[in-house]
Amino acid sequence: MASLANLLVSLLLIAIFSPTPILCYLNQASVRVQQGATNTSAYHTYIVLVEPPPFNADEDMYHHCYESFLPSSRDGDSGKARLVHSYTKVFSGFATMLTDGELDAVAKKPGFVRAFKEKTRYLMTTRTPKFLGLRNSTGFWRDASYGKGVIVGLLDTGIYAKHGSFDDRDIPSPPARWKGSCKATRCNNKLIGAKSFVKHEDTDDEDGHGTHTSSTAAGNFIINASYHGMAAGTASGVAPGAHIAMYKVCNSVGCYESDILAGLDAAIKDGVDVLSISIGLGDKFDKDPIAIGLFSAMSKGIVVVCSGGNDGAEPHSIKNDAPWLITVAAGSVDRSFDVGVNLGNGMSLHGEALNQVAKPMSKMYPLLYSEAQRDCNYMLNHVVAQKIVVCDSEAPWFVDSILQAGAAGVVLVNKASDGYTVTLDDDNSGVVQMSAVLRAYAASSSSRWARASFSYHNTFLGYRPAPVVASFSSRGPSKHFPGVLKPDILAPGLNILAASPWTESKIGPFNILSGTSMAAPHISGVAALIKGLHPDWSPAAVKSAMMTTAYVVNSTGGSVLDEKHGKADAYAMGVGHVNPTRAADPGLVYDLGVIDYAGYICWLLGDRGLATIVRNKSLTCAKLPKVRDVELNYPTITVPLKPTALMVNRTVTNVGPPSSTYVAKLDMPKSLTARVTPNKLVFSKAGEKKTFSVSVSGKGVHGQKHVEGSLSWVSTRHVVRSPIIAVPNLPESPPSQESF
């Protein structure tokens, strides 16, 4: 009663003294929709953004204000039952069930900003710490205390809390700033938070995705980890000392936007340091409530890491492309589950399998391949008996029946567009997966030579070349915002071993999965390690540290390759592959804050975009310099490709030794001309900022979609590298705002 009385007094005072209509009001707010309006369409879930209350409100006051927007039903009930979720941190707003007619009525009320019709989003589905240069008890991992004291939050499918990856050996108590709670079957100093926002479901992980991603980011050390004896060794996450908070917002069906926002809202309130999100966001960010909510997370100092999508290798397929997110591409590691496919002509081809037998085949078997039956739907058993049958990898449905019919083995062959990327599945022994090269051999060779056998080599470490960009990893440029390079960075995402909830099944306590879903938590773990060393760094500084220290050379000494073993470009791998040790000490960073992004949003979307995304009434586009995309202080430089030079500016902050001198080094193709002014930066103190300009022009590049070079600032201790991408016909003005 006291809180209600305080609310009434507050609203009355505001109503008397405010010159504009207040956001929420009492009885007159809960008006009925006009007769028949509720029958104009079916109910849908809408995410409604509203102005915040013009007074200091607690959770109950926010909730009351949101209820005041909603129509009462015909039996006189208030709008309370219509609320699905209430949001206070991602933005002021709520999720509710409305008809189109009811939405029209809600939209006419004072304080309404915008509504989004809910969509369903989908998931992006041992060795990697060593591949990332992390060694137990030594170097950067030790210096960063394995991420101790840092809280990694994940929006995912839940967590199998009893898994050994979530034991709290050597994990300290959570920091005092942690405000969350844990509702898992087991909570401890490792798993400090677990909540479910999926209706009628607890925090358990029925899908396996969330258990895998959380253990990849921050799982504790487990010895003797393996999958059917494969990839055996000590498993851990990238930040094994960090705390984990799981926000269940998805299940095996998908992820509803209203649930994602509820989990995000809770994560911000609870005090996470890093957010790992392996869910696809595809809309323009001004039309995407999740991207808008993630801006709020970034503005509160949370590093937000997102998977780049699994729709590669098509251009413009990248997801999660807002510049305040770290967008991650997926690559391979130097581990192979090797099977030799030995051919009748004496050649041996590289295949892989997760289920292997100890002994090689004792003899060669005829190869069977038919273009007409590439899916291997052979109706007569005698056709496949005592043969090695070659099938398309996209049609594995008849594998079991083929083996039961007496086939000596099955080879699942990639489609040509997948190149050398082999995404392993849990098939029976006798099944090998490989690239498309075998298909041509089986189809063209005479019966004398079209024979093969398998030899099993278990787990091979040091496989080269690595890393290689995976074929499924989505590619840039961004369809909506091509002036900012996406993806940002490459991380391991192909055939990754991590924790599984199915401890009693044939899969066991570990599983091997692929996707940018697996790549994103690697970067989340690195972000946790960096935050442990540099807790005062902004999200943009953490991102810059990783991006400017990434490497572009593979294990053979050549360039990082794509799935067809051509040179990977920036739209496949971003700046290159993450290098955690160097990222901890980058020397210089390209920093960005809310004001910088606000200027960019003003250039791109104007005042309404600013009001929707930034939601700070003290900021207006009239007061802010408009920042064109190419001028955003990003760690990469994207410019139009044209014969007249375009100059862009960047500002770097010294986070290395106080007295440092950096000299500009340009690595440009002959078709591009670039100049850096000044070409030397001299710093005298930590935190000092220096601004420089880069002018770029080009010619003679007919038919090329883009041209790449790079700028590196080089000191005696650091190399701070930024790709330069010159793009023909890059828009020089923002897209039309009419649709907004």
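What you see below is based on every heavy atom in this structure, not just the backbone, and it leaves out hydrogens, waters and symmetry mates.
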Legend entry - From OG1 (Thr327) to NZ (Lys319), nearest 0.5 Å: 12.0 Å
Legend entry - Donor on one side chain, acceptor on other, Asp334 and Ser555, under 3.5 Å: no
Legend entry - Residues Arg186 and Asp167 bridged, charged N to O under 4.0 Å: yes
Inset, instruction - Could you tell me which residues satisfy disulfide bond (SG atoms under 2.5 Å apart) with Cys306, sequence neighbours excluded, listed by chain and number? - result: none
Legend entry - Contact check, side chains of Cys250 and Ile279, non-hydrogen atoms, under 4.5 Å: yes
Inset, instruction - Heavy atoms only: give me the nearest Leu461-Arg335 pair and the separation to one decimal. - result: CD2-CG, 3.7 Å
Inset, instruction - Taking the side chain as every heavy atom from C-beta outward, state whether Ile222 and His163 have any pair of such atoms under 4.5 Å apart. - result: yes
Legend entry - Under the salt bridge (Lys or Arg N to Asp or Glu O under 4.0 Å) test, residues paired with Lys486 that sit two or more places apart: Asp488
Inset, instruction - Please tell me if the side chains of Ser370 and Tyr378 come closer than 4.5 Å, counting only heavy atoms from C-beta onward. - result: yes
Inset, instruction - Mind checking side chain to side chain donor-acceptor pair (under 3.5 Å) for Ser214 and listing every partner two or more places apart, or none if nothing turns up? - result: none
Legend entry - Distance in Å, Asn320 CG paired with Leu325 CG, rounded so as to fall on 0.5 Å steps: 6.5 Å
Inset, instruction - Go through the side-chain N and O atoms of Ser500 and Asn511 and say whether any donor and acceptor fall under 3.5 Å apart. - result: no
Inset, instruction - Could you tell me whether the side chain of Met230 reaches within less than 4.5 Å of the side chain of Asn458, counting heavy atoms only? - result: yes
Inset, instruction - Look at atom OH of Tyr369 and say whether more than 12 heavy atoms of other residues, nucleotides or ligands are closer to it than 6.0 Å. - result: yes
Inset, instruction - Run the numbers on Leu264 and Leu294 for side-chain contact (heavy atoms from CB on, under 4.5 Å), then give the verdict. - result: CA-CA 8 Å; Leu264 176 57; Leu294 292 173; 3.7 Å; yes
Inset, instruction - Inspect the surroundings of CG in Asp170 and state if more than 12 heavy atoms from other residues, nucleotides or ligands are less than 6.0 Å away. - result: no
Inset, instruction - Could I get the full list of ring pair (Phe, Tyr, Trp, His ring centres under 6.0 Å) partners for His457, not counting sequence neighbours? - result: none
Legend entry - Min side-chain heavy-atom separation His209-Ser278 under 4.5 Å: yes
Legend entry - Min side-chain heavy-atom separation Val357-Phe454 under 4.5 Å: no
Legend entry - Heavy-atom side-chain proximity of Met573 to Val552 below 4.5 angstrom: yes
Inset, instruction - To the nearest 0.5 angstrom, please state how far the CG atom of Asp425 sits from the CG atom of Asn355. - result: 11.0 Å
Would you mind writing out the side-chain donor-acceptor pairs for residues 239-248 within the sub-3.5 Å range, not counting sequence neighbours?
{"unit_1": "His243", "atom_1": "ND1", "unit_2": "Asn189", "atom_2": "O", "d": "2.6"}
{"unit_1": "Tyr247", "atom_1": "OH", "unit_2": "Asp270", "atom_2": "OD2", "d": "2.8"}
{"unit_1": "Lys248", "atom_1": "NZ", "unit_2": "Glu201", "atom_2": "OE1", "d": "3.0"}
{"unit_1": "Lys248", "atom_1": "NZ", "unit_2": "Asp202", "atom_2": "O", "d": "3.0"}
{"unit_1": "Lys248", "atom_1": "NZ", "unit_2": "Asp204", "atom_2": "O", "d": "2.7"}

Legend entry - Salt-bridge criterion met for Glu563 and Arg475 (N-O under 4.0 Å): yes
Legend entry - Smallest separation among heavy atoms of Ala498 and Ser215, with atom names: CB-OG, 3.4 Å
Legend entry - Mutual orientation of the aromatic rings belonging to His565 and Tyr420 [parallel < 30°, tilted 30-60°, perpendicular > 60°]: parallel
Inset, instruction - Would you check if Phe472 and Ser514 make a side-chain contact, meaning some heavy-atom pair closer than 4.5 Å? - result: yes
Inset, instruction - Could you tell me which residues satisfy side chain to side chain donor-acceptor pair (under 3.5 Å) with Ser348, sequence neighbours excluded, listed by chain and number? - result: Asn342
Inset, instruction - Report the distance from atom CD1 of Ile496 to atom OG of Ser332, rounding to the nearest 0.5 Å. - result: 9.0 Å
Inset, instruction - Taking atom types as modelled, find out whether Asp207 and Ser252 have a side-chain donor-acceptor pair closer than 3.5 angstrom. - result: no
Legend entry - Ser196 side, atom OG; Ile159 side, atom CD1 - distance, nearest 0.5 Å: 13.0 Å
